[in-house]
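What follows is one structure encoded as structure tokens, with my remarks underneath.
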Number of protein chains: 4
Amino acid sequence: MEKREVHASVKDERLVEKRRTQMIKGAVTLFKEKGFHRTTTREIAKAAGFSIGTLYEYIRTKEDVLYLVCDFIYDEVQEKLQKEIEQSDGTLESLKLTIAYFYQVMDDMQDEVLVMYQEVKALTKDALPYVLNKEIQMVGMFEKVITKCVENGELLLTENQISLVSHNIFVQGQMWSFRRWALHKKYTLQEYVELQTQLLIQNVSIQKTTLI
Amino acid sequence: MEKREVHASVKDERLVEKRRTQMIKGAVTLFKEKGFHRTTTREIAKAAGFSIGTLYEYIRTKEDVLYLVCDFIYDEVQEKLQKEIEQSDGTLESLKLTIAYFYQVMDDMQDEVLVMYQEVKALTKDALPYVLNKEIQMVGMFEKVITKCVENGELLLTENQISLVSHNIFVQGQMWSFRRWALHKKYTLQEYVELQTQLLIQNVSIQKTTLI
Amino acid sequence: MEKREVHASVKDERLVEKRRTQMIKGAVTLFKEKGFHRTTTREIAKAAGFSIGTLYEYIRTKEDVLYLVCDFIYDEVQEKLQKEIEQSDGTLESLKLTIAYFYQVMDDMQDEVLVMYQEVKALTKDALPYVLNKEIQMVGMFEKVITKCVENGELLLTENQISLVSHNIFVQGQMWSFRRWALHKKYTLQEYVELQTQLLIQNVSIQKTTLI
Amino acid sequence: MEKREVHASVKDERLVEKRRTQMIKGAVTLFKEKGFHRTTTREIAKAAGFSIGTLYEYIRTKEDVLYLVCDFIYDEVQEKLQKEIEQSDGTLESLKLTIAYFYQVMDDMQDEVLVMYQEVKALTKDALPYVLNKEIQMVGMFEKVITKCVENGELLLTENQISLVSHNIFVQGQMWSFRRWALHKKYTLQEYVELQTQLLIQNVSIQKTTLI
DNA sequence: AATGAATGAGAGTTCATTCAT
DNA sequence: CATGAATGAACTCTCATTCAT
């Protein structure tokens with residue numbers, strides 16, 4: 001699925017890139033604080049460091065900002081994850097590392113994740129498919145790694161199970177952000193990763209020792 | 001934690017109850033469709049079947065509606081769950097039934113769950129604690145059932161694990177609503193319950209047979 | 001000029017009288033506190049000790065309340081003044097007493113005077129003439145007393161002067177209410193009366209001693 | 001006492017000044033006609049010649065308009081009076097001229113005076129002290145002029161009397177506006193000035209001739 | 001390319017008034 | 001006669017968007 005183009009009046013691509021980066025950075029902070037709907041375009045412009053007039057040289061509507069923010073966050077997460085996943089070799093150990101890495105990214109990008117998670121529904125109908133597609137892609141990445149493990153004989157899972165486990169991993173990564181009020185009190189990131197990994201993987205692995 | 005009172009100008013408690021039910025019902029439909037922020041008070045009044053003036057006889061601000069909706073949904077879910085959980089006897093079978101029942105409730109109340117899940121963050125700061133407390137209570141209910149199983153020797157879990165598993169169950173219940181675009185395509189509710197239960201419980205149970 | 005009739009649905013004249021007295025009393029307190037426009041009909045009803053529905057059994061519009069309040073205050077002041085004035089015998093001494101008495105009434109009815117003075121302009125166009133007429137009557141009362149003094153040879157004033165002095169006396173009586181923030185700090189009522197009387201009367205009196 | 005700043009979103013000070021002048025002019029006309037409470041913000045905007053949105057670029061609340069109006073009128077009156085008073089040389093003649101000039105200003109600004117006089121009480125609690133202070137200042141100006149006359153031996157008045165006479169002058173100036181329904185029928189401005197001056201000054205002056 | 005003043009549709013909320021009980 | 005729930009017109013204020021400079 002191709003990227004939705006956000007119209008800019010300004011021609012200089014370099015400048016567009018630069019301004020949008022400023023914009024996204026400012027917007028994330030604001031959205032985290034007060035949510036998309038309670039944030040005004042003026043505030044976004046100000047946080048980005050330019051005037052309201054200038055803001056509208058780089059977007060068409062306020063929702064474009066939200067789209068750009070979501071798009072940016074997905075890309076960021078996906079890019080990071082991609083690199084990690086390419087290194088995965090189908091061993092249980094590498095799967096664990098991938099998951100740990102993903103949770104670490106979720107922790108690093110807590111604010112962004114929270115914003116995205118809470119505000120996607122505010123996207124217009126025509127931006128939604130693109131965004132859902134992104135989610136599918138990301139879940140797909142986990143599916144790929146897990147499938148490798150299964151093919152490798154390290155895990156015993158049906159296709160349906162693979163898919164659901166992937167969803168679970170993904171959502172539990174987000175959970176670290178959106179239920180931080182409960183989880184951060186009880187666990188450090190390390191503990192959280194450790195526990196979730198135990199619950200998710202160890203138990204679905206082919207238990208060699210017990211089988212003997 | 002005591003309930004936050006929402007002020008009503010109308011004295012007749014019966015009537016207040018009745019009107020608020022109408023209001024909540026209408027509001028849920030609208031919030032599901034367009035979200036809290038895009039729904040106007042006039043639309044809420046109309047959906048509830050009375051005039052804008054009447055609406056404001058039963059609430060003080062628009063956010064009161066959101067609070068009432070959230071409060072109602074929590075109570076509904078909790079009440080249903082409570083009954084089920086009281087019957088649980090600490091066997092694995094009854095735990096499975098409890099989870100299945102919870103997922104069924106989540107399915108029955110899909111719209112409500114989605115709304116609540118997406119709009120809680122729109123609540124005013126002073127309503128949030130009450131709502132988070134509700135979540136803690138509900139997670140606590142699962143903790144209780146699971147603890148029973150552990151004490152019964154049916155499961156082998158540390159306290160930390162019990163807590164996390166409870167969070168997972170709860171979130172995976174909501175998942176069925178908020179990721180329905182992905183999950184409902186792949187699984188029926190029965191399959192979803194079956195799969196999640198397998199992943200969650202069977203693997204953490206004390207595997208009697210394999211231990212022999 | 002005849003009294004403007006305020007319509008009441010209730011027939012029992014006694015009751016109407018009673019209810020309106022309650023109403024006026026409550027309204028004065030409220031109007032003093034927050035002004036006519038910021039006072040709601042509900043508040044008036046409550047302060048009067050009955051329901052909003054009952055309030056509207058005794059008036060037709062909110063402005064009727066204001067009219068009744070103004071009418072009541074004028075009547076009260078006028079009645080008191082009338083008695084005093086009838087006793088006036090055209091001596092300077094009795095004029096002074098009349099003025100002192102008037103200022104005393106203004107002091108006793110501070111709240112009412114303030115309300116009336118500040119809210120008359122809120123009266124509907126068709127109530128205004130009646131109210132202005134009341135003012136003319138009251139000024140006229142002073143004119144009469146002063147004229148007596150002039151005829152008695154106690155004062156030397158033209159008709160124009162008599163009229164203006166009467167206005168001055170009247171306004172200076174109100175002043176004691178509406179400039180209380182300044183005057184009450186500096187003077188007691190006695191001092192105020194003394195000083196104003198000096199300035200007003202002594203100096204326009206036929207100065208027998210100095211003429212000798 | 002420093003001026004209360006009324007917030008404007010617009011930066012250009014010149015423009016703010018200009019727009020506010022338009023606003024005040026329009027508002028005075030409307031307030032005179034229907035009073036502050038019966039005038040809507042839209043009407044004010046329209047009378048000022050711009051949209052409701054623009055109005056709110058220059059004020060924060062409707063009450064700001066009232067404050068600006070009052071502030072403007074006080075400043076206007078005070079400025080005019082200041083110039084006149086500086087020229088006063090302590091002779092009775094110059095005092096008379098000052099008073100005459102003040103009454104002339106009150107006549108020129110009839111509408112404004114009426115508005116201010118009738119609507120000050122509608123100001124928010126936090127604007128009131130500033131406004132009362134203005135009144136004190138203006139009364140103070142008269143006190144100064146009269147004191148000069150006393151020091152000059154032209155008048156024989158105690159301090160208390162000076163203060164009260166100043167209040168009287170001030171209120172009688174306003175009277176010309178707020179009792180115009182009675183006074184304008186009977187007197188021309190000249191006559192009014194003449195009569196009030198006689199009553200106020202001639203009689204408190206040291207009557208040289210009669211003392212001989 | 002950047003600015004920010006201007007716009008006005010539309011939002012939340014209030015409250016005088018009515019009328020069935 | 002008394003009540004108070006219901007009504008909706010009207011109000012203040014906000015804010016996404018435009019466009020002349």
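Order of the sequence lines sets the chain letters (A, B, ...), proteins ahead of strands, with each chain counted from 1.
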Listed nucleotide nearest any side-chain atom of Lys62(D), set dT7(E), dT12(F), dT17(F): dT12(F)
5'-most contact on DNA chain E (nearest-nucleotide basis), Glu57(D) vs Ile59(C), goes to Glu57(D)
Distance col, row Phe50(B):CZ vs Arg19(B):CZ, nearest 0.5 angstrom, shows 6.0 Å
Taking OH from Tyr58(A) and C1' from dA2(E), how many angstroms apart are they, rounded to a whole number? 8 Å
Choosing from dA6(E), dA16(E), dG8(F), which nucleotide comes nearest the side chain of Ser51(B)? dG8(F)
Which is true for Ser9(C) with a 4.0 Å heavy-atom rule: it touches a base, it touches only sugar-phosphate, or it touches nothing? nothing
When Phe50(D) and Arg42(B) are each assigned the nearest nucleotide of DNA chain E, the 5'-most assignment goes to Phe50(D)
Ignoring the backbone of Thr54(B), work out which of dA6(F), dA2(E), dT3(F) is nearest its side chain. dA6(F)
Tell me the interatomic distance from Arg14(C), atom CZ, to dC1(F), atom C1', rounded to whole angstroms. 17 Å
Would you say Lys121(D) has more than 12 foreign heavy atoms packed within less than 6.0 Å of its NZ? yes
Suppose we define a pair by two distances each less than 3.5 Å, Watson-Crick or G-U wobble; what does dA9(F) pair with here? dT14(E)
Residues Arg38(B) and Glu63(A) bridged, charged N to O under 4.0 Å: yes
Without swapping roles, check the side chain of Glu43(A) against the backbone of Thr40(A) for a donor-acceptor pair under 3.5 Å. yes
Give the rounded distance in Å between these two atoms: NE2 of His7(B) and C1' of dT14(E). 14 Å
Can you check whether Phe72(A)'s main-chain N or O pairs, donor with acceptor, with Asp75(A)'s side chain at less than 3.5 Å? no
Roughly how far, to the nearest 0.5 Å, is OH of Tyr56(C) from CD1 of Ile59(C)? 5.0 Å
Identify which nucleotide among dA9(E), dT14(E), dT17(E) has an atom closest to any side-chain atom of Ile52(B), counting heavy atoms from C-beta outward. dT14(E)
Arg42(A) (side chain) donor-acceptor with Ile52(A) (main chain) under 3.5 angstrom: no
From CD of Glu13(B) over to C1' of dG4(F), roughly how many Å is that when rounded to an integer? 15 Å
Reckon Lys11(C) touches a base, only the sugar-phosphate, or nothing at all at heavy-atom distances under 4.0 Å? sugar-phosphate
Using the side-chain heavy atoms of Tyr56(C), tell me which of these nucleotides is nearest: dG8(F), dA5(F), dT18(E). dT18(E)
Just how far, in rounded Å, is P of dT18(E) from CG of Asp64(C)? 11 Å
Contact list for DNA chain F against residues 15-40 of chain D - heavy-atom distance below 4.0 Å: Thr39(D), Thr40(D)
Which nucleotide, in any strand shown, forms a Watson-Crick or G-U wobble pair with dA1(E), with both distances under 3.5 Å? none
Tell me whether the rings of Tyr67(A) and Tyr130(A) are parallel (<30°), tilted (30 to 60°) or perpendicular (>60°). tilted
Pair partner, dA20(E) [Watson-Crick or wobble, under 3.5 Å]: dT3(F)
Between C1' of dG4(F) and CD of Glu43(C), the distance in whole Å: 16 Å
Distance in angstrom units between Leu55(B) CG and dC15(E) C1', rounded: 15 Å
